Amino acid sequence: MTRIGFIGLGIMGGPMAANLVKAGFEVTGYNRGRSKVDKFVEAGGRGASSVGEAVRDAEVVITMLPDSPDVESVVLGDDGVLAHAPEGVLLIDCSTIRPEVSRAIAGRVRALDAPVSGGEQGAIDGTLSIMVGGAAEDFQAAQNILRAVGGTVVHVGAAGSGQTVKAANQLIVAGTIELVAESLVFLEAHGVDTEAAIEVLSGGLAGNRILDRKAAAMVRREFTPGFRVELHHKDLGIVQAAAREAGVATPLGAVVAQLMAALNAQGDGGLDHGALLKLVAQLSGRE
Ligand code: NAD
């Protein structure tokens, strides 16, 4: 049995930690504010009231936090993981953060960057796609844990590489949502039955997971997250910085980053990223 300290029991971390408990690991969970910790205890986990308490006896620490500064403070801060975890602990950071922050952390502690894709449903089902950067032996050591929360688990290279692959993932997802949103508003404007259109589009070359999983809710204007606009705005910032660093042009990525930024600036950061449809409808004078 591996003892795991799990920090960040939000939309993704909550069900991931619960799946680790189901798989037989001894998991101690911590989140800011008691309610998410209580929910995790109901799911069979152990609750902690500080980072220190969560990681004190851990062999592995998993973090699932919003952004780079959160991971930096929770891992490297005065009262953080490094200050309290036993020598030799393996950190698995599943948050989506800047690749250079993952590399800096890997310079201080045995660490894997292991960002995920698959959304809340993938976290609940334990079928996430996990892109892992770090040392091959640490990846091997973490196999059982990663496979308890993921369906597709791939070692993609040295520290930071997982985050680079995740940035590419977020570029593809944002661009695809925007194209689906534009297509749906276009179909509505022509008075076409969108349900029938989605069915037939899904069977052809235009078929994609956004169409399968998100289009129906987008048509209904249901934007309960899921994945929040403010987080995708953060991720497109990571994409733009990393593309610039590599000298790569991402023209469509730049446009969708602007649209996501506008949606966020309008106060819709708490909505699901499918709300890009709302912006397209507004720009078209239809909302
Ligand atoms: P979330 O906001 O629901 O969860 C983050 C949790 O961390 C919250 O419960 C918050 O209270 C907690 N937290 C923040 N700072 C803390 C601190 N200092 N100490 C303790 N707890 C703290 O976000 P989420 O949707 O679960 O996303 C988490 C990460 O996973 C993000 O980096 C996101 O980009 C990424 N991600 C999300 C999804 C998704 O569909 N939601 C999919 C893939 C990846």
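As the structure lists them, so they are numbered: ligands from 1, and atoms in each ligand from 1. Residue indices begin at 1 and follow the sequence shown. Keep in mind that this is a model prediction, so the values were computed, not measured.
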Trainee: Regarding atom 1 (P) of ligand 1: of the candidates Arg228, Met64, Met12, which has the closest heavy atom?
Mentor: Arg228
Trainee: Of the choices Leu9, Asp70, Val74, Leu231, which has the non-hydrogen atom that lies closest to atom 33 (C) of ligand 1?
Mentor: Leu231
Trainee: Run the numbers for me: atoms of ligand 1, each under 4.0 Å from some heavy atom of Gly8, listed by number.
Mentor: 7 (O)
Trainee: May I ask you to check if ligand 1 and Tyr30 share an N or O to N or O distance below 3.5 Å?
Mentor: no
Trainee: Is any N or O atom of Lys166, backbone or side chain, closer than 3.5 Å to an N or O atom of ligand 1?
Mentor: no
Trainee: Between CG of Leu184 and CG of Leu211, what distance do you get to the nearest 0.5 Å?
Mentor: 7.0 Å
Trainee: Can you pull out the closest protein heavy atom to atom 36 (N) of ligand 1? Residue, atom name and distance to 0.1 Å, please.
Mentor: Phe227 CE1, 3.8 Å
Trainee: To the nearest 0.5 Å, tell me how far Leu91 CG sits from Asp113 CG.
Mentor: 9.5 Å
Trainee: Donor-acceptor check, side chain of His155 to backbone of Gly134, threshold 3.5 angstrom: yes or no?
Mentor: yes
Trainee: Do any heavy atoms of Lys234 fall under 4.0 Å from ligand 1?
Mentor: yes
Trainee: Give the residue and atom name of whichever protein heavy atom lies nearest to atom 43 (C) of ligand 1, and the separation in Å to one decimal.
Mentor: Val116 O, 3.3 Å
Trainee: Can you tell me how far CG of Leu263 sits from CZ of Phe223, rounded to the nearest 0.5 angstrom?
Mentor: 9.0 Å
Trainee: Starting from atom 3 (O) of ligand 1, what is the nearest protein heavy atom, named by residue and atom, and what distance separates them?
Mentor: Ile11 N, 2.9 Å
Trainee: Where is the nearest protein heavy atom to atom 21 (N) of ligand 1: which residue, which atom, and how far?
Mentor: Arg32 N, 3.2 Å
Trainee: Looking at Arg3 and Asp57, is any side-chain nitrogen of the basic one under 4.0 Å from a carboxylate oxygen of the acidic one?
Mentor: no
Trainee: Return the OG1 to CD distance between Thr2 and Glu59, rounded to the nearest 0.5 Å.
Mentor: 5.5 Å
Trainee: Go through ligand 1 atom by atom and flag the ones less than 4.0 Å from a non-hydrogen atom of Lys36.
Mentor: 8 (C), 9 (O)
Trainee: Which heavy-atom pair separates Gly226 from Glu120 by the least distance, and what is that distance?
Mentor: N-OE1, 3.6 Å
Trainee: Quick one: nearest non-hydrogen protein atom to atom 32 (O) of ligand 1, plus distance?
Mentor: Pro66 O, 2.8 Å
Trainee: Run Thr176 and Asn208 through side chain to side chain donor-acceptor pair (under 3.5 Å) and show every step you take.
Mentor: CA-CA 8 Å; Thr176 308; Asn208 65 74; 5.7 Å; no
Trainee: Among all protein non-hydrogen atoms, which one is nearest to atom 10 (C) of ligand 1, and what is the separation to 0.1 Å?
Mentor: Asn31 OD1, 3.7 Å
Trainee: Could you tell me whether the side chain of Asp272 and the main chain of Phe227 form a donor-acceptor pair under 3.5 Å?
Mentor: yes
Trainee: With a 4.0 Å cut-off, would you call Lys278 and Asp268 a salt bridge?
Mentor: yes
Trainee: Distance to 0.1 Å, residue and atom name: give those for the protein heavy atom nearest to atom 4 (O) of ligand 1.
Mentor: Gly10 CA, 3.3 Å
Trainee: Which atoms from ligand 1 have a heavy atom of Thr96 less than 4.0 Å away?
Mentor: 32 (O), 34 (O), 35 (C), 44 (C)
Trainee: Let me confirm one number: the OG-CG distance from Ser95 to Asp67, rounded to the nearest 0.5 Å.
Mentor: 9.0 Å
Trainee: Look only at interatomic distance and state if Ser117 has a nitrogen or oxygen under 3.5 Å from any nitrogen or oxygen of ligand 1.
Mentor: no
Trainee: Within the structure, is a non-hydrogen atom of Gly226 found at a distance of less than 4.0 Å from ligand 1?
Mentor: yes
Trainee: Return yes when Ser73 approaches ligand 1 closer than 4.0 angstrom through a heavy atom, no otherwise.
Mentor: no
Trainee: Answer side chain, backbone, both or neither: which part of Gln170 comes under 4.0 Å from ligand 1, heavy atoms only.
Mentor: neither
Trainee: Which of the atoms in ligand 1, numbered in the order shown and given with their element, are less than 4.0 Å from a heavy-atom of Leu65?
Mentor: 7 (O), 13 (N), 14 (C), 15 (N), 16 (C), 21 (N), 22 (C), 28 (C), 29 (C), 31 (C), 32 (O)
Trainee: Charged N to carboxylate O below 4.0 Å: is that the case for Glu188 and Arg221?
Mentor: yes
